[in-house]
Protein chains: 2
Amino acid sequence: MVGAELHEIVTTRLRAAGQRYTPGRRAIVERLLGAGQPLTIPDVLEGSSLPQSSAYRNLAVLEQAGAVHRIVTSADFARYELAEDLTEHHHHLICSNCGTVEDFTAPPALERSLHKAVHEVEESTGFAAEHHRLDLVGTCKSCV
Amino acid sequence: MVGAELHEIVTTRLRAAGQRYTPGRRAIVERLLGAGQPLTIPDVLEGSSLPQSSAYRNLAVLEQAGAVHRIVTSADFARYELAEDLTEHHHHLICSNCGTVEDFTAPPALERSLHKAVHEVEESTGFAAEHHRLDLVGTCKSCV
DNA sequence: TGCTAAGTTGATATCGATTCTCATGTTCAC
DNA sequence: GTGAACATGAGAATCGATATCAACTTAGCA
Ligand SMILES: [Zn+2]
Ligand SMILES: [Zn+2]
Ligand SMILES: [Zn+2]
Ligand SMILES: [Zn+2]
């Protein structure tokens, strides 16, 4: 997905939610796009003149519109990334020491196995799964 | 795992952390054992005379001692369950509507596939995984 | 059984990430 | 251009969770 295309999709999704794609929102989306990993609010604000309250509000709006996904861990701050259908399906490596979150892509065989299991669980429990979430919790490279 | 055995293990773990297995802590462990699904603090307090501050403190102590596991979702309250090695390895069905969390056990083939993938990811990224976490997010049976 | 150190309790105060408020600024539609 | 609707940003408010601290229990020893 190239940048221009991304912004068009975000525009469409915001419109559908009765909202506008303002420069502040675009700045947030671009920062998330450039980061390549989920960012906290302080990360998003760093070196920017964006007010904190606007960052919180706009990330919430973008999440409601389906353009951004919020990741909550046991760390102090939540993290945000572009919605999966704007990037690609992936999972997370969560460092229990420093709190950083990295992306990783699971082997196709595992994804197939997952989809099959999701189906089985739906059948047997009556739970309607919207998506699966797989995290590996441990220690990241830079925390040794 | 039968109750008596469980309490012995909890006692041991608390001792190792320099703490005691008091009646209040035991009451919490028994409630978690009886529930069979992760409970919020209000759930734990319901119909009990346990003060809120003690519940928070003791659940934190039990978590540090490795007897209890804390689950954080996007719902208002965190949830607590007995540590996996006191029950059995399992995963969670998270209702995005009402916030409840149910346990489910993944098919052995999936767990094998997972372990293999975890190993591969560790090799390729340098991340040291302590455990994996698989959640299905969707709508529970009672939320239709 | 007393004694003391260490741990625990519970009411309350405090914290801090996030959300809410509202007056002002901006944008879109007609 | 005008008005309605939406967005902004500074600050206040919210609220789950944590810290505080004096009073209470317990464990271990003499
Ligand atoms: Zn780390
Ligand atoms: Zn997947
Ligand atoms: Zn539900
Ligand atoms: Zn598993």
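Throughout, a chain's letter reflects where its sequence line sits, starting with A, and its residues are numbered from 1.
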Participant: Rounding to an integer number of Å, can you tell me how far B:Asp76 CG sits from C:dT19 C1'?
Facilitator: 12 Å
Participant: Supply the atom-to-atom distance B:Arg70 CZ to B:Leu59 CG, rounded to the nearest 0.5 angstrom.
Facilitator: 9.5 Å
Participant: Calculate, to the nearest 0.5 Å, the distance between atoms SG and CG belonging to A:Cys95 and A:Leu136 respectively.
Facilitator: 12.5 Å
Participant: Between B:Leu59 (CG) and C:dG10 (P), how many Å, whole number?
Facilitator: 14 Å
Participant: Salt bridge between A:Asp43 and A:Arg31, side-chain N to carboxylate O under 4.0 Å?
Facilitator: no
Participant: Name the orientation class of the two ring planes belonging to A:His69 and A:His131 (parallel below 30°, tilted from 30 to 60°, perpendicular beyond 60°).
Facilitator: perpendicular
Participant: Regarding B:Ala60, tell me which of base, sugar-phosphate or nothing describes its non-hydrogen contacts under 4.0 Å with the strands shown.
Facilitator: nothing
Participant: Please report the distance, rounded to the nearest Å, between CZ in B:Arg25 and C1' in C:dG10.
Facilitator: 13 Å
Participant: Please report the C-alpha distance between A:Lys141 and B:Thr125 in whole Å, then the side-chain angles of each, then the deciding distance to 0.1 Å, and finally whether the side-chain contact (heavy atoms from CB on, under 4.5 Å) criterion is met.
Facilitator: CA-CA 8 Å; A:Lys141 208 172 187 173; B:Thr125 63; over 6 Å; no
Participant: Is there a side-chain polar atom (N or O) of A:Tyr56 under 4.0 Å from OP1 or OP2 of C:dT18?
Facilitator: yes
Participant: Give the nucleotide from the list C:dA17, C:dT8, C:dG10 with an atom nearest to the side chain of A:Phe77.
Facilitator: C:dA17
Participant: Can you tell me if B:Asn58 touches the phosphate of C:dT9, counting only side-chain N or O atoms and a distance under 4.0 Å to OP1 or OP2?
Facilitator: yes
Participant: Around atom CD of A:Gln64, are there more than 12 heavy atoms of other residues, nucleotides or ligands at under 6.0 Å?
Facilitator: no
Participant: Relative to the 5' end of DNA chain C, which residue comes earlier, B:Gln19 or B:Ser53, by the nucleotide with the nearest heavy atom?
Facilitator: B:Gln19
Participant: Counting only heavy atoms not in B:His90 (residues, nucleotides, ligands), do more than 12 fall under 6.0 Å from its NE2?
Facilitator: yes
Participant: For B:Pro42 and for B:Arg20, locate the closest nucleotide of DNA chain D by heavy-atom distance; then report the residue assigned to the nucleotide nearer the 5' terminus.
Facilitator: B:Pro42
Participant: List the steps, then state whether side-chain contact (heavy atoms from CB on, under 4.5 Å) holds for B:Thr73 with B:Asp135.
Facilitator: CA-CA 10 Å; B:Thr73 68; B:Asp135 302 321; over 6 Å; no
Participant: Rounded to whole angstrom units, what separation is found between the CG atom of B:Leu45 and the P atom of C:dG10?
Facilitator: 11 Å
Participant: When you measure from the side-chain N and O atoms of B:Thr22 to the phosphate of C:dT8, is any distance below 4.0 Å, counting only OP1 and OP2?
Facilitator: no
Participant: Of all nucleotides in DNA chain D that come within under 4.0 Å of a heavy atom of chain A, which is furthest toward the 5' end and which toward the 3' end?
Facilitator: D:dA5 to D:dG11
Participant: Under a 3.5 Å cutoff, is there a donor and acceptor pairing between the side chains of A:Glu111 and A:His132?
Facilitator: yes
Participant: Taking five pairs at each end, how big is the angle between the two axes of the helix from C:dT1-D:dA30 to C:dC30-D:dG1, to 10°?
Facilitator: 30°
Participant: By the 4.0 Å heavy-atom rule, please label A:Arg70 as base, sugar-phosphate, or nothing.
Facilitator: sugar-phosphate
Participant: Using only side-chain N and O atoms of B:Arg57, determine if any of them is under 4.0 Å from OP1 or OP2 of C:dT8.
Facilitator: no
